[in-house]
Amino acid sequence: MRHLMSPLDFSVSELEKLMDLGDDIEKNPQKYAHACDGMRLATCFYEPSTRTRLSFESAMLRLGGSVLGFSEAGSSSAAKGESVSDTIKVMGAYANIVAIRHPKEGAPLVASINSDVPVINAGDGGHQHPTQTLTDLHTIRSLTGKIENLTIGLCGDLKFGRTVHSLITALARYNNIRFILISPEELKIPDYIREDVLKKNNIPYEEVVSLEEAMPKLDILYMTRIQRERFFNEEEYLRMRGFYILDKEKMSLAKEKMMVLHPLPRVNEISTAVDKDPRAFYFKQAEKGVYIRMALILTLLETEFKAF
Amino acid sequence: MLTISGIHEGYVLDHIKAGMAQKVYKDMKLDELHCTIAMIMNVHSNKLGKKDMLKIECPIGSINLDVLGFIDHNITVDIIKDEKIIEKRPLHMPKLITNVISCKNPRCITTTEQELDQVFFLADEENEVYRCKYCEEKYSR
């Protein structure tokens, strides 16, 4: 039995197979419509989420399975002080697979150690969000054909954004990837990403402040939200919030085939006018997230359609 | 000249950095052994200038050398039996250490579920970096 805690839990070749399965599900949804008949997914969400939880639920429903769970800690036994270990021990009796989101880092790992059924980390604090990374990789591969020879710009909150850290770490395993890291001084990537991932693997990268300057060089622009909850000072948040706004004018500096991605939710960092630009793929990206989660569920449940 | 006699059975921990013997004693929980221990500090050393030493009279197998390897793998260990050195045991940084240090990340699950073992793994041997098994926060010495 396997769990998914980090995007690095799968080898590059396993990821390729998983994405192949995701592509096939997208093309032939009817083939998989009953693949999980009679099976149940438990979504144990100890903190709020819109996209991730509904994406998991949609994935299981499209496979013919059913879903149960809770969407905030207050409506579970956690409010009574029950530990993650105890909650998960009985989940095996209720569901065949569990997706867990928790504000405490490492909580999904504790769940996986105590679980009789596969556990998927659906986000743990600022630590990992592996299914978002799978979604990002799957989207990049779908749009470019192969994950290689790309200049990828990551823009916004590179300090606290867990999706950015996971994505850089995952992309570091592919050939000829270059990064342009676009952020204000205050929100640059943490040292451990710079030292342990980029420098250690000899990945070419540059750190810049100006989005305009970076635009013409990029094959992919991955925008991120400045997260209000990370700031102690509202004034500072408001200043940072307006630091990068991708609009039509900036898009005019980009390559004709550049792609804009965003893990969503968006606040104001991408102007809604950009949504109509054929290079805006962030809503498509959210849709891809359902297919890759379907592939993941089929694989972890070891169904006949498993990717590996 | 201060003279400390040899031991019949046990361990001599040598080449401890000067001033660190008390910390080693504490971190190794040697007080729980209830045996005879000599702590010798600021001894002249050709290699280190000054060094500390610990002589521990106890049955062989009583102390956890993995923990000692984590504290400082440059310490040298002589294992003594019948007043003779029967082995010079090299120390290595252990791959895993359990319940020796605690995670300081306030967002780590170990802060709320305190029955969990505190487990750290060796993430980077060259730079001697240990990370929490749960949240992967780096342990700062």
Side-chain angles (χ1 to χ4, degrees), chain A residues 3 5-9 44 46-47 73 76-89 100-115 119 121 123-130 160 162 165-166 169 190-197 199-201 227 229-230 232, chain B residues 17 20 23 26-29 64-74 90-141:
Chain A
H3 309 282
M5 294 297 116
S6 149
L8 301 187
D9 289 353
C44 300
Y46 291 81
E47 64 176 7
S76 77
S77 284
K80 298 174 194 160
E82 188 178 47
S83 68
V84 170
S85 320
D86 282 0
T87 303
I88 207 75
K89 274 176 192 154
I100 176 170
R101 167 167 289 194
H102 200 287
K104 287 287 179 183
E105 299 172 6
L109 179 65
V110 172
S112 71
I113 292 166
N114 291 285
S115 177
V119 175
N121 178 0
D124 58 336
H127 183 219
Q128 293 283 356
H129 191 357
F160 299 112
R162 63 184 169 194
H165 307 159
S166 291
T169 310
D191 275 349
Y192 77 92
I193 295 286
R194 192 179 295 108
E195 300 296 326
D196 298 353
V197 181
K199 287 188 181 170
K200 202 170 177 179
N201 294 296
Q227 301 170 86
E229 59 272 27
R230 306 296 189 192
F232 295 113
Chain B
K17 279 181 203 152
M20 296 302 287
K23 182 170 166 37
K26 184 172 161 280
D27 290 353
M28 294 285 294
K29 298 180 180 159
N64 186 339
L65 293 178
D66 273 357
V67 176
L68 193 60
F70 167 74
I71 296 167
D72 184 353
H73 61 280
N74 296 311
L91 289 179
H92 303 285
M93 299 184 76
K95 300 281 180 219
L96 278 182
I97 43 164
T98 304
N99 295 332
V100 178
I101 48 174
S102 302
C103 186
K104 292 173 185 153
N105 174 7
R107 299 177 305 276
C108 181
I109 186 68
T110 55
T111 60
T112 45
E113 304 209 354
Q114 289 168 2
E115 79 289 357
L116 291 170
D117 282 335
Q118 292 274 353
V119 185
F120 283 73
F121 66 94
L122 180 58
D124 180 350
E125 193 163 359
E126 199 184 325
N127 295 307
E128 302 183 10
V129 174
Y130 279 87
R131 290 190 183 279
C132 170
K133 171 186 166 179
Y134 304 100
C135 69
E136 297 182 81
E137 181 89 350
K138 188 173 171 178
Y139 175 72
S140 306
R141 288 176 193 259

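Naming convention: chains lettered A, B, ... in sequence-line order (proteins, then strands); numbering from 1 in each chain.
- Heavy atoms of Asn105(B) lying under 4.5 Å from chain A belong exclusively to its side chain.
- With a threshold of 4.5 angstrom between heavy atoms, Lys138(B) does not approach chain A through any atom at all.
- In this structure, the portion of Glu115(B) lying under 4.5 Å from any heavy atom of chain A is its side chain and not its backbone.
- The closest donor-acceptor contact from the side chain of Asp86(A) to the backbone of Glu82(A) lies at 3.5 Å or more, if one exists at all.
- The structure places SG of Cys135(B) at 6.5 Å from NE2 of His127(A), a figure rounded to the nearest 0.5 Å.
- For Thr110(B), no part lies under 4.5 angstrom from a heavy atom of chain A.
- With contacts defined as side-chain heavy-atom distances shorter than 4.5 Å, the pair His165(A)/Pro190(A) qualifies.
- Pro103(A) touches chain B through its backbone: at least one of N, CA, C or O sits under 4.5 Å from a heavy atom, while the side chain does not.
- Here the OH-OG1 distance, from Tyr46(A) to Thr87(A), works out to 3.5 Å after rounding to the nearest 0.5 Å.
- Note: Tyr130(B) and Phe70(B) meet the aromatic proximity criterion, with ring centroids under 6.0 Å apart.
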